[in-house]
Amino acid sequence: MAIPSLKQWQRNILFAFHNDCSPSCNTPRARTLLASHIIQKHIHMDTGTHIKGPTIVWFRKSLRLHDNPTLQRAVQLASELFPLFILDPYYINPDKIGFQRFRFMLECMKDLDHSLRKYQSKLLVIYGEPVNVLENCCKTWKCSYLCFEKDSDIYSRNRDEKVLQRMKGLGVQCFVESGHTLYDLDMLVAKLNGNSPPTQMTSFLKFIEQIGPPPKPIETVRNIPPLRKELLSSISISKVPEIEEIPGYELITEPTPCPFQGGESKALERMQQALNREQGKWIVRFSKPHTSPVSLDPPSTTVLSPYIKCGALSVRLFFWELKRVEDSFSVKTKPPVSLIGQLYWREHFYLLGYTIPHFDQIQGNPLCKTIPWEHRQEWFQAWEQAQTGYPFIDAAMTQLKQWGWLHHLTRHVVACFLTRGDLWISWEKGKETFEKYLIDGDWSINAANWMWLSCSAFFTRYFRVYSPIAFPKKYDPHGNYIRYFLPVLRNMPNKYIYEPWKAPLKVQKEVNCILGKDYPLPIVDHEEMKKRNIQKMIQVFQNKS
DNA sequence: ATACCCGTTGCGCGT
DNA sequence: GACGCGCAACGGGTA
Ligand SMILES: Cc1cc2nc3c(=O)[nH]c(=O)nc-3n(C[C@H](O)[C@H](O)[C@H](O)COP(=O)(O)OP(=O)(O)OC[C@H]3O[C@@H](n4cnc5c(N)ncnc54)[C@H](O)[C@@H]3O)c2cc1C
């Protein structure tokens, strides 16, 4: 297949756009509603006062039909519905979004498209700067309404602000619905009564206890109106692209297949499997700190994070399904270690990301301790490129790129190693790497956890340092995890699998792995760096108090 | 004001 | 697959 260049691709899309959307359609339009205003209430709001009109539902996250308040709102308003996804050039860039992350998102889009087609509709996919794309679409389709889900990260909030401005000018009324979090974040902010948000889990739990449980999921939307014929039959404008068709990704070949496929149907299936595991006992015994970082088939946690991140799975649905299972048992684990507890961690970090300025960086972030990290490019590269000489670290960084998902404790070990444990490099750098490669890469959660691990916020006991040797050895004495991701070490004897530099040359030759040639020597001495860095931490904490 | 409690997930050693 | 201690002493919340 011929791969179009970025320019060609844009041209094709614009061409298709003009051909498919002749302004001859004669649909009702609420011309009286000139002022665009945001309605931030949840779904039960009365739409009876609004005349039906052509409506765009702009999908960004929430790539699902179930429990989707934004879609429900759009369907209520629509005389004609345009399900739209915009491929924003800001994101569509292999330096920002890695192969697996982008692949996963495209699979979610394809699944959504597939579901929409059952209603004679489909996902309209357009490449371009969102504000301009939306303006074009609204003009061409003579839209009265635009519906999208509330987003909380900085880029999205700025983008959405610009969109609202532009739509106001066009007289298109916008509806912004909460849906990505358990609770509407603005409702939580209001409940703070001007107090700063909780920074500890125990305080957060008290805070939401007084609010009560999150809303129950709403009915899956089933009355999606058909898409107008010209658009439905057009191939060029609408097709969810293959990853090879995207400029910049065409030459990247998938290293190994990632075991996780995107999409709402896979998400629901995966959730069901988790709920049914050991007839629910797996759920009620779940205790996060006791799950194993090295189990791969199946992993010891749900791996619902990439689905939740894309909104292929609703957190409220997951919450209430967990609640249902828990209610049928008398003995169960509790937050923060339980699975519901994990959803509370997410909510907690979302609220912080929403309210704390510059949450994703050190500068200007009132929660983040300023630690004098020192950037060493060769060390950073060794970490990122799985060349540290510590097999567990390198195996983990290989898994990050191949699968786009790591167990929580594996994230701990590599994050600790990069920052306070060994390399003394800023968590901001590590966060960027994670953001790029993780299929569940999430602005708030990623930043919060990096601050946690680096003792920059929330957690301060800096003498608790993960050993890249002792920690994984507890779970995996034979190093099977390492052997799986680092084939070069596959035949290393158990005795040396975590510390191959200790293998005598004779052994190295026998197993065809010469240190410094086939596999790197360790870039630092962990014991030495740990001692030195704890001393640095003592300095930092003394100077501050 | 001050002391004390306790926090999802450390290590290495001793018992 | 248990637990207690030193490590050297964080910090928000509560009494
Ligand atoms: C340095 C670092 C970076 C991280 N970056 C991300 C990220 O970009 N995106 C992300 O989703 N998670 C991130 N996490 C949190 C956590 O590691 C993952 O959410 C979890 O491993 C996902 O696997 P799971 O779905 O099997 O989790 P489960 O244990 O099955 O938990 C269920 C859900 O709860 C939520 N959750 C679980 N753990 C956390 C947590 N610690 N904080 C907030 N929410 C949580 C997730 O949505 C997850 O899908 C990071 C952790 C660390 C230490």
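Keep in mind it's a predicted model, so treat the numbers as computed, not measured.
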Colleague: Does the plane of the ring in A:Trp345 sit parallel, tilted or perpendicular to the ring in A:Trp452? Use 30° and 60° as the thresholds.
Modeller: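 A:Trp345 and A:Trp452: perpendicular rings.
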
Colleague: Both A:Ile538 and A:Tyr475 contact DNA chain C. Which one's nearest nucleotide lies toward the 5' end?
Modeller: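 It is A:Tyr475, whose closest nucleotide lies nearer the 5' terminus.
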
Colleague: Report the nucleotide, chosen from B:dT8, C:dA8, C:dT14, that has the shortest atom-to-atom distance to any side-chain atom of A:Lys206.
Modeller: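 Selected nucleotide: C:dT14.
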
Colleague: Could you check whether A:Asp422 and A:Tyr390, counting side-chain N and O atoms only, form a donor-acceptor pair closer than 3.5 Å?
Modeller: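 There is no such pair (donor and acceptor under 3.5 Å, judged by atom type) between the side chains of A:Tyr390 and A:Asp422.
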
Colleague: Verify the contact: side-chain N or O of A:Lys474 to OP1 or OP2 of B:dT9, cut-off strictly under 4.0 Å; return yes or no.
Modeller: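 For A:Lys474, the contact criterion (side-chain N or O under 4.0 Å from OP1 or OP2 of B:dT9) is not met.
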
Colleague: Under 4.5 Å between any side-chain heavy atoms of A:Thr301 and A:Lys288, yes or no?
Modeller: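 Side-chain contact under 4.5 Å: yes.
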
Colleague: How many Å lie between NZ on A:Lys531 and P on C:dG6, as a whole number?
Modeller: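 Going from A:Lys531 (NZ) to C:dG6 (P), I get 20 Å.
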
Colleague: Would you say A:Lys530 reaches B:dG10's phosphate, i.e. side-chain N/O to OP1/OP2 under 4.0 Å?
Modeller: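 So the side chain of A:Lys530 is outside the cut-off, no N or O lying under 4.0 Å from OP1 or OP2 of B:dG10.
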
Colleague: Counting distance alone, no hydrogens or angles: does the base of B:dT9 have a donor or acceptor under 3.5 Å from a partner atom on the side chain of A:His408?
Modeller: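 Between B:dT9 and A:His408, which were checked side chain against base, a qualifying N/O pair under 3.5 Å is present.
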
Colleague: Across the strands shown, which category fits A:Phe459 at heavy-atom distances under 4.0 angstrom: base, sugar-phosphate, nothing?
Modeller: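 Result for A:Phe459 = nothing.
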
Colleague: Taking pairing as Watson-Crick or G-U wobble with both contacts under 3.5 Å, can you name the mate of B:dT8, or confirm there isn't one?
Modeller: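 Paired with no nucleotide.
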
Colleague: Among A:Lys309, A:Arg346, A:Arg60, which residue satisfies the side chain to side chain donor-acceptor pair (under 3.5 Å) criterion with A:His180?
Modeller: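 Among A:Lys309, A:Arg346, A:Arg60, the one that satisfies the side chain to side chain donor-acceptor pair (under 3.5 Å) with A:His180 is A:Arg346.
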
Colleague: Would you say A:Trp345 stacks on B:dT8, if stacking means ring centres under 5.5 Å apart and planes within less than 30 degrees?
Modeller: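 Base of B:dT8: stacked against A:Trp345.
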
Colleague: Provide the Watson-Crick or G-U wobble partner of B:dT2, both distances under 3.5 Å; none if there is no partner.
Modeller: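 Result: C:dA15.
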
